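Here's the structure, in structure tokens; my notes come after.
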Amino acid sequence: MRLDKFLTECGLGSRSDVKRILKKREIRINGKIEISPKVSVELEDKILHNDRVIEYKEMRYYIMNKPAGYITATEDKKQKTVMEILPDWVIKKNLFPVGRLDKDTEGLLLFTNDGPLSHELLSPKKHVDKTYYVVGEKEISDKDMKTLELGVDIGGYITKPSKCERVEDNIINLTISEGRFHQVKKMLHAIDNQVTYLKRVKFANLQLGTIELGEVVEVNREDI
Ligand code: URA
């Protein structure tokens, strides 16, 4: 593979960014400074940017604390997409979001280029847990919480058992193992309430933790 293509795919920036980096003599291949974007590199070559080893990662995983106002899509003609928030250092080749958060929903969104893993995480058969911090327009009573846990009718479909934890009178953490369209909003609607704020705080083994709104962090497959 050409050096400039390799460096671009490793997240060093666009082809012109990479050209600049090479001109500044910041790249070493097997100990020797390289300035030509055209030379060919092999996977076993040791490539350094300044003193940092550049690794080619075939499979990549990143989590974002998605802000409201962005749609979960790889592209859209009219609306801002979550892809626009990904910082330069993220290797975007073949990257896509796993599942979907609504435009007005915040929180944990996983990105990967690993199709089979994404398929597994989204498969209804795998019952992958997702936890949402849910603010209701009005109080969510203990009885409402029980009702949500047992399953509610969200328009011809009864939701599978879920888990509710109280945070405040009108705030709960709701863990569901399915991912139907607008599921949490519809579940609140089923108990005669309405979501005023929604944030996903957990997905599979991943936790949002202290990741700031709009921030992106790289994770490993094992973390997921
Ligand atoms: N449920 C919803 O209603 N919206 C989301 O974004 C995620 C789950």
Side-chain angles (χ1 to χ4, degrees), residues 8-9 11-17 57 59-124 126 128-137 154-157 159 170-190 193-204 206-219 224:
T8 301
E9 292 195 1
L12 260 75
S14 63
R15 287 270 174 119
S16 48
D17 293 333
K57 284 189 188 146
M59 291 301 171
R60 287 162 265 127
Y61 311 92
Y62 308 94
I63 53 176
M64 172 192 286
N65 184 352
K66 175 196 174 294
Y70 293 82
I71 62 162
T72 311
T74 47
E75 52 184 22
D76 193 85
K77 288 207 168 66
K78 292 194 184 121
Q79 306 196 66
K80 293 184 290 182
T81 75
V82 287
M83 304 308 282
E84 293 169 36
I85 311 169
L86 293 170
D88 286 348
W89 57 265
V90 166
I91 306 169
K92 302 188 184 70
K93 197 177 176 213
N94 297 333
L95 204 68
F96 57 87
V98 177
R100 181 167 34 171
L101 291 177
D102 295 338
K103 186 175 175 184
D104 57 356
T105 301
E106 292 181 359
L108 202 162
L109 187 60
L110 172 68
F111 292 79
T112 186
N113 62 335
D114 186 340
L117 180 73
S118 166
H119 192 73
E120 263 192 59
L121 290 167
L122 298 176
S123 164
K126 299 279 174 173
V128 173
D129 279 350
K130 302 142 196 97
T131 302
Y132 294 88
Y133 175 90
V134 187
V135 180
E137 186 187 39
I154 55 166
Y157 176 79
T159 57
N170 65 327
I171 305 178
I172 54 169
N173 280 319
L174 174 64
T175 301
I176 57 175
S177 60
E178 341 170 64
R180 298 204 157 229
F181 188 58
H182 295 330
Q183 178 155 344
V184 176
K185 288 174 184 163
K186 286 179 182 167
M187 287 175 79
L188 265 272
H189 191 68
N193 205 327
Q194 207 179 315
V195 171
T196 59
Y197 174 79
L198 189 59
K199 173 168 72 172
R200 183 156 66 189
V201 292
K202 202 165 177 257
F203 177 50
L206 298 167
Q207 308 242 24
L208 191 60
T210 55
I211 300 175
E212 308 245 329
L213 210 54
E215 196 188 343
V216 176
V217 170
E218 185 163 17
V219 293
I224 305 167

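Predicted model only: the values in this text are computed from it and were never measured. What you see below is based on every heavy atom in this structure, not just the backbone, and it leaves out hydrogens, waters and symmetry mates.
- Ion pairing of E218 with K57 is present here, as a side-chain N (NZ or NE/NH1/NH2) and a carboxylate O approach within less than 4.0 Å.
- For the residue pair D114 / Y61, a side-chain donor-acceptor distance below 3.5 Å is found, with atom types taken as modelled.
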Query raised in the report: Please walk me through it: do E178 and Y157 pass side-chain hydrogen bond (donor to acceptor under 3.5 Å, both in side chains)?
Result: CA-CA 12 Å; E178 341 170 64; Y157 176 79; 2.3 Å; yes

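- A donor-acceptor pair shorter than 3.5 Å cannot be found between the side chains of Y132 and Q183.
- Between S177 and D129, the closest heavy-atom pair is CB-OD1, 3.6 Å.
- Partner N65 forms a side-chain contact (heavy atoms from CB on, under 4.5 Å) with one of T210, V201, L213 and no other, that one being L213.
- The CG atom of L95 sits 6.5 Å away from atom OG1 of T112, with the distance rounded to the nearest 0.5 Å.
- R60 contributes a side-chain N or O that, together with a main-chain N or O of I91, makes up a donor-acceptor pair within less than 3.5 Å.
- Heavy atoms only, all atoms of each residue included: P97 and V82 are closest at CG-CG2, 4.3 Å.
- Contact check for K92 versus Y62: no side-chain heavy atoms found under the 4.5 Å cut-off.
- Shown here for F203 and L110, the closest heavy-atom pair between the two residues is CE2-CD2, 4.0 Å.
- For the pair K66 (side chain) and K103 (backbone), a donor-acceptor distance under 3.5 Å is present.
- Inter-residue side-chain proximity for L108 and K130 is flagged as unmet; no heavy-atom pair is nearer than 4.5 Å.
- Note that CD of Q207 is 9.5 Å distant from CD1 of I63, once rounded to the nearest 0.5 Å.
- Side-chain contact between M187 and V134 is absent, with no heavy atoms from C-beta onward closer than 4.5 Å.
- Side-chain contact between K93 and E9: present, with at least one pair of heavy atoms (C-beta onward) separated by less than 4.5 Å.
- Of all heavy-atom pairs spanning L121 and A204, the tightest one is CD2-CB, 4.0 Å.
- Atom CG in L101 sits 5.0 Å away from atom OG1 in T72 (nearest 0.5 Å).
- Using a distance-only test at 3.5 Å, with no hydrogens or angles considered, a donor-acceptor pair links the side chain of N170 to the main chain of G136.
- Of the possible polar contacts, none joining the K186 side chain to the R180 backbone as a donor-acceptor pair under 3.5 Å is found.
- Around atom CD of E84, more than 12 heavy atoms belonging to other residues, nucleotides or ligands sit under 6.0 Å away.
- The shortest side-chain heavy-atom distance between T74 and T81 does not fall under the 4.5 Å cut-off.
- Closest heavy-atom contact between V217 and E215: CG2-OE2, 4.1 Å.
- Taking CD from E137 and CD from Q194, the interatomic distance works out to 5.0 Å, rounded to the nearest 0.5 Å.
- Residues I85 and P67 meet the side-chain proximity criterion, which asks for heavy atoms closer than 4.5 Å.
- You'll find the side chain of W89 reaches within 4.5 Å of the side chain of V216, heavy atoms only.
- Side-chain contact between L198 and V135: absent, with no pair of heavy atoms (C-beta onward) separated by less than 4.5 Å.
- With salt bridges taken as basic N to acidic carboxylate O contacts below 4.0 Å, one links D102 and K185.
- Shortest non-hydrogen contact noted between M64 and L208 is O-CD1, 4.4 Å.
- Within the cation-pi definition used here (under 6.0 Å to the ring centroid, within 45° of the axis), R200 does not qualify as a partner of Y133.
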